[in-house]
Amino acid sequence: MANMTRAEVKAYIEGVVEQVKQRNPGEVEFHQTVSEVLESLEPVLAKSPEFIEKGIIDLIVEPERVIKFRVPWVDDQGVTRVNRGYRVQFNSAIGPYKGGLRFHPTVNESIMKFLGFEQTFKNSLTSLPMGGGKGGSDFDPQGKSDAEVMRFCQSFMTELQKYIGANTDVPAGDIGVGAREIGYLFGQYKRLRDEFTGVLTGKGMPYGGSILRPEATGFGAVYYAVDMLNYFGDDIKGKTFAVSGFGNVAWGAVKKINELGGKVLTISGPDGYIYDPDGVGTEEKIDYMLEMRASCRNRVQDYADKFGVEFFPKQKPWGVKADIMMPCATQNEVGMPEAELMVKNGLKYYVEVANMPTTNEAIAYLKANGVIVAPSKAVNAGGVSVSGLEMSQNSMRYSWTAEEVDEKLHMIMHNIFKASIDAAHEYDLGDDLVAGANIAGFLKVARAMLAFGVC
C-alpha cells in the first residue's frame, strides 16, 4: 500500500472516530480518549499505512471483551442491594489484561472502556508484558461498614473470578479500591479457586504485595516530571506545585516532591481545596493525608482545620499561581475555564497524574499557549509498573527490597519519558510529549497485532 497523504489519513481517522461514536452511543469519555489518541497518530499512519490496510486501527478501538454482571449483596440491615459490575478486557496483544478496579457511583461502561483503552497504551509504555483492561462497579464504599464492604467484594469476586487469572487478566486497585478491598477480593478468589497466585496486585505485604506499591503512582509521576524539567533545562528544587486530590496518588506525589526539594501549595477533595503557603511539607502534614483518606470522611477541610490554613469550599486549585500543576483526582477535572486561568497566570508545566484529567479542548489550548503538557498515560504509569513488578515477584516467589523496587520504577519512568520524546522527534512533532506518548505506546501494541494477523 502506497504512503497516504496527511489529508487522507485525517479523513480516515475522522471516519473511525465517527464509527466509534455510532457503535458506542452516549459513551462520551470513551469517544474522548479514542479521538485524542487517534489524532496523534496521523504522522504514523501516513508513514506506515499497513496499520490501516490490515485493519489494526479498527481492531484497536474495539475491546476484545466486555463483561457486565449484577452484584447482589446484603447490607447491615438485612436489605438486599444490587450493583453493576464490569470488566473490560480491552487488548491482550502484549500480555495478560492488566488494569485496576474502581468502586465509585460514577462507574459505567463508558468510563470502563475509556480507562481500558488508555491502560493499553500506558502499559505498553512501561515496556513490561501487560495488556490493557479495567473494571469496577457503581458501588460506593464511602459510608459502608467493613462487613458491608466485605460482603460486596465477595459477591463481586464470585462472578469476576470466572474471567481472570495470573496469565489471563490481573486486576488491581483504583478509586475506591484500596488495601481493604483488595484483601477481601483476593481472599474470595483464593477460597473459590483453591489457588494462591498473583491474580491481583496491590496486595498487602503479608500475602504477596510489593513494597512501594501505594506510593508508586505518585513517585513515578514525580520521576517523570524531574526528567521533563531536566530536558527543558529546569530543576525541581524550589519549584511550587498545585496538586488536586488527597488520596494515595496525591500522597505519593507530595511525599516525593518534598524529598526532591519542591513545595506543594495545595491539595483538594470533593468539598474544596486548601492553600498552605508553608507547603504540605512536614512529615506530620504528609502523614495526615493518610489519616484523612482512612477516615472515609472525604473532606480536605479537615487539613485546614488542623493546620490553620485557608480552605476554599467547592473549588479546585487551578487559580493558584504555581510553577507546576498536577491534577491527581479524576477524569475531566480541568476544562477550558481552568486552562484559560492557568495560561493567564503564566503556567509553564502541566503534569497530568489522574487518568484523563483534562478535556481535549483544554489540552489543545494549553499546548497552543506554550504550556508544556505531560500526558497521564505516561506520567501515571508508575502505579501499573510496580504492579507489573509485583506480578514478577509473585511468579518468582520472591520479593525485592524497597531500594530495588524504587530503582526499577525510576528507570521505567526515565525510559517512558525518553521513548515519548524520541517518538515525537522521529515524527517531526518537536517536543510534543502528548503525541510522543501516544505514538510510542501505540507502536508496540500495533506491531504485535500486525504479527498475529486478524484475530
Side-chain angles (χ1 to χ4, degrees), residues 67-88 99-112 115 133-161 164 171-191 199-204 207 209 213-215 217-218 244-252 267-271 288-303 328-331 333 354-355 383 387:
I67 301 154
K68 183 177 178 180
F69 51 93
R70 72 181 183 191
V71 187
W73 58 282
V74 178
D75 68 18
D76 287 343
Q77 285 70 49
V79 177
T80 298
R81 306 290 185 181
V82 180
N83 286 95
R84 287 180 171 177
Y86 301 88
R87 188 66 182 172
V88 175
L101 297 171
R102 176 176 295 190
F103 292 170
H104 194 272
T106 60
V107 164
N108 56 36
E109 194 166 320
S110 175
I111 289 175
M112 294 295 95
L115 290 168
K134 207 74 178 185
S137 174
D138 57 0
F139 173 77
D140 187 358
Q142 296 291 330
K144 305 293 192 301
S145 70
D146 284 349
E148 288 175 322
V149 171
M150 181 183 71
R151 289 193 290 270
F152 172 82
C153 287
Q154 289 173 341
S155 180
F156 182 87
M157 182 53 79
T158 297
E159 184 65 23
L160 184 66
Q161 56 89 22
I164 64 176
D174 193 78
I175 294 171
V177 179
R180 174 184 60 173
E181 289 76 16
I182 291 292
Y184 294 148
L185 292 165
F186 185 79
Q188 184 72 349
Y189 182 89
K190 180 175 173 293
R191 180 181 299 114
V199 69
L200 287 169
T201 58
K203 299 185 294 298
Y207 59 102
R213 179 58 188 90
E215 300 95 329
T217 304
S244 68
F246 69 94
N248 270 359
V249 174
W251 166 70
I267 54 175
S268 73
D271 57 332
Y288 189 67
M289 291 176 68
L290 295 179
E291 289 184 38
M292 289 194 299
R293 176 56 62 199
S295 75
C296 294
R297 284 162 56 83
N298 224 13
R299 280 166 41 101
V300 79
Q301 185 178 353
D302 293 346
Y303 180 102
C328 297
T330 190
Q331 69 267 8
E333 58 175 308
N355 289 302
S387 279

For the atom pair [atom1] ([X]) and [atom2] ([Y]), what is the distance rounded to the nearest 0.5 Å?
{"X": "Arg213", "Y": "Thr201", "atom1": "CZ", "atom2": "OG1", "answer": "6.0 Å"}
{"X": "Tyr184", "Y": "Arg151", "atom1": "OH", "atom2": "CZ", "answer": "10.0 Å"}
{"X": "Asn298", "Y": "Asp140", "atom1": "CG", "atom2": "CG", "answer": "8.5 Å"}
{"X": "Ile111", "Y": "Tyr86", "atom1": "CD1", "atom2": "OH", "answer": "9.5 Å"}
{"X": "Leu115", "Y": "Ser110", "atom1": "CG", "atom2": "OG", "answer": "9.0 Å"}
{"X": "Leu200", "Y": "Gln161", "atom1": "CG", "atom2": "CD", "answer": "11.5 Å"}

Aromatic ring centroids of Phe246 and Tyr303 under 6.0 Å?
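Judged by ring-centre distance (under 6.0 Å), Phe246 and Tyr303 do not meet the cut-off.
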
Assess the pair Phe139 and Phe156: is the distance between their ring centroids shorter than 6.0 Å?
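No, they do not, as the ring centres are separated by 6.0 Å or more.
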
Quick check: closest heavy atoms across [X] and [Y], and the distance to 0.1 Å?
{"X": "Arg84", "Y": "Lys68", "result": "NH1-NZ, 3.8 Å"}
{"X": "Ala354", "Y": "Glu333", "result": "CB-OE2, 4.5 Å"}
{"X": "Tyr207", "Y": "Gly183", "result": "OH-CA, 3.1 Å"}
{"X": "Ser268", "Y": "Gly245", "result": "OG-N, 2.9 Å"}
{"X": "Lys203", "Y": "Ile182", "result": "CA-CG2, 3.8 Å"}
{"X": "Ala329", "Y": "Ser244", "result": "N-OG, 3.6 Å"}

Do [X] and [Y] make a side-chain contact, defined as non-hydrogen atoms from C-beta onward lying under 4.5 Å apart?
{"X": "Ile164", "Y": "Tyr189", "answer": "yes"}
{"X": "Arg81", "Y": "Glu148", "answer": "no"}
{"X": "Met157", "Y": "Val199", "answer": "no"}
{"X": "Thr330", "Y": "His104", "answer": "no"}
{"X": "Arg87", "Y": "Leu101", "answer": "yes"}
{"X": "Asp75", "Y": "Thr80", "answer": "no"}

Please walk me through it: do Ser145 and Asp76 pass side-chain hydrogen bond (donor to acceptor under 3.5 Å, both in side chains)?
CA-CA 8 Å; Ser145 70; Asp76 287 343; 2.6 Å; yes

Donor-acceptor contact below 3.5 Å, side chain [X] vs main chain [Y]:
{"X": "Glu181", "Y": "Gly178", "value": "yes"}
{"X": "Ser155", "Y": "Val71", "value": "no"}
{"X": "Gln188", "Y": "Leu185", "value": "no"}

Indicate yes or no: does Asp271 engage Arg299 in a salt bridge with an N to O separation below 4.0 Å.
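Answer for the salt bridge query: no.
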
Please evaluate residues Ile267 and Met292 with respect to the criterion side-chain contact (heavy atoms from CB on, under 4.5 Å), reporting the C-alpha separation (whole Å), side-chain torsions for both, the decisive distance (0.1 Å), and the verdict.
CA-CA 12 Å; Ile267 54 175; Met292 289 194 299; 3.9 Å; yes

Can you say whether the rings of Phe152 and Trp73 are parallel (under 30°), tilted (30 to 60°) or perpendicular (over 60°)?
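Because their plane-to-plane angle is over 60°, the rings of Phe152 and Trp73 count as perpendicular.
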
Is it the case that more than 12 heavy atoms not belonging to Arg70 sit under 6.0 Å from its CZ atom?
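No, because the 6.0 Å sphere around CZ of Arg70 holds 12 heavy atoms or fewer from other groups.
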
